[in-house]
Amino acid sequence: MPQKRRYWLMKSEPSSFSIDDLIKTTSQTTSWDGVRNYQARNFMREMAIGDQVLFYHSNADPPAIVGTAEVVNTTYTDPSQFDHNDDHYDPASDPSSPRWDMVDIKYVRKFSRPLALEQLRKETKLKGMVLLRKGSRLSVQPVSPLEWQHILSLA
DNA sequence: GCCAACGTTGGC
DNA sequence: GCCAACGTTGGC
C-alpha cells in the first residue's frame with residue numbers, strides 16, 4: 001500500500017520568492033533552500049513525493065495563501081549553507097555532516113484570489129491550524145487533511 | 001517602523 | 001542545565 005499523501009504549508013516572502021516567481025521558473029520547479037530552523041527542517045525530512053503544499057506569502061500585503069505546489073524531490077543537502085556569499089551561509093555546518101536540507105517543489109495552481117490571513121482566522125474549521133496559532137513563525141508546517149480540504153473549498 | 005513571540009547562543 | 005542576551009520572524 002502506498003504511503004498516504006500528506007499536506008504542508010510553506011512560507012515565502014514574495015519580495016524574495018513569490019508564487020509568480022515559481023510559475024516563471026524552469027519546469028515550474030524550485031529547490032526550497034534557505035530553511036534554517038530545525039523544526040521546519042525536520043518537517044521537510046518527513047515529506048514524500050506527491051505531498052501537497054500550500055504556498056503562503058508572509059510579510060506581504062495581505063499575508064495570504066496564494067496557491068498550491070507539490071513535492072517532487074525529497075530532502076537532500078542544501079548547498080547554500082556552505083556558500084559564504086549566501087544570506088543563509090552557516091559557518092557552523094560541517095560539510096561531512098551537513099545540517100540543512102531542502103526539497104524540490106513544483107507549481108500546481110494559483111488561486112484566483114488569495115486567501116488572506118484575516119479571512120482564514122474567521123474560519124471555525126481552521127481554528128487549530130498551526131499558521132493561526134499566536135506567535136507561530138514556523139516556515140514549514142503540517143496541515144491536516146480536513147484543513148487542506150476546507151482551504152481548497154474556499155479557494 | 002514597532003514590537004511580541006520565538007529560537008539560539010554562550011557564560012556560568 | 002539554566003537563563004540572560006541577542007537575533008529573527010512576521011503581523012500590524
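Residue numbering restarts at 1 for every chain, and letters A, B, ... go by the order of the sequence lines. These numbers were taken from a predicted model, which means no experiment stands behind them.
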Over how many whole Å does the gap from [X] atom [atom1] to [N] atom [atom2] extend?
X	N	atom1	atom2	answer
A:Leu120	C:dG11	CG	P	11 Å
A:Leu138	C:dG10	CG	P	9 Å
A:Asp90	C:dG7	CG	P	16 Å
A:Asp61	C:dG10	CG	C1'	13 Å
A:Arg133	B:dG7	CZ	C1'	17 Å
A:His57	C:dG11	NE2	C1'	16 Å
A:Asn37	B:dT9	CG	P	11 Å
A:Leu131	C:dG11	CG	C1'	11 Å

Report task. Report the nucleotide, chosen from B:dT9, C:dG11, C:dG10, that has the shortest atom-to-atom distance to any side-chain atom of A:Leu117. Result ->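 Selected nucleotide: C:dG11.
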**Report entry** Proximal nucleotide (of B:dG7, C:dG11, B:dT9) relative to the A:Ser58 side chain
**Finding:** C:dG11
Report task. Determine: side-chain N/O of A:Tyr56 to OP1/OP2 of C:dG11, distance under 4.0 Å, yes or no. Result -> yes
**Report entry** Whichever of A:Asn59 and A:Lys134 has its nearest DNA chain B nucleotide further upstream toward 5'
**Finding:**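 It is A:Asn59, whose closest nucleotide lies nearer the 5' terminus.
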Requested in this report: Determine the contact category for A:Gln39: base if any of its heavy atoms lies under 4.0 Å from a base atom, sugar-phosphate if only primed atoms, P, OP1 or OP2 are that close, otherwise nothing.
Outcome: sugar-phosphate
Report task. Inspect the contact between A:Arg36 and A:Asp87 and indicate whether a charged nitrogen and a carboxylate oxygen are less than 4.0 angstrom apart. Result -> no
Query raised in the report: Any salt bridge between A:Arg99 and A:Asp90, counting N to O under 4.0 Å?
Result: yes
Query raised in the report: Do A:Arg6 and A:Val71 come within less than 4.5 Å of each other through their side chains, counting heavy atoms only?
Result: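 No, their side chains stay 4.5 Å or more apart.
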Query - Close aromatic pair by centroid cut-off 6.0 Å: A:Trp8 and A:Phe55 - result: no
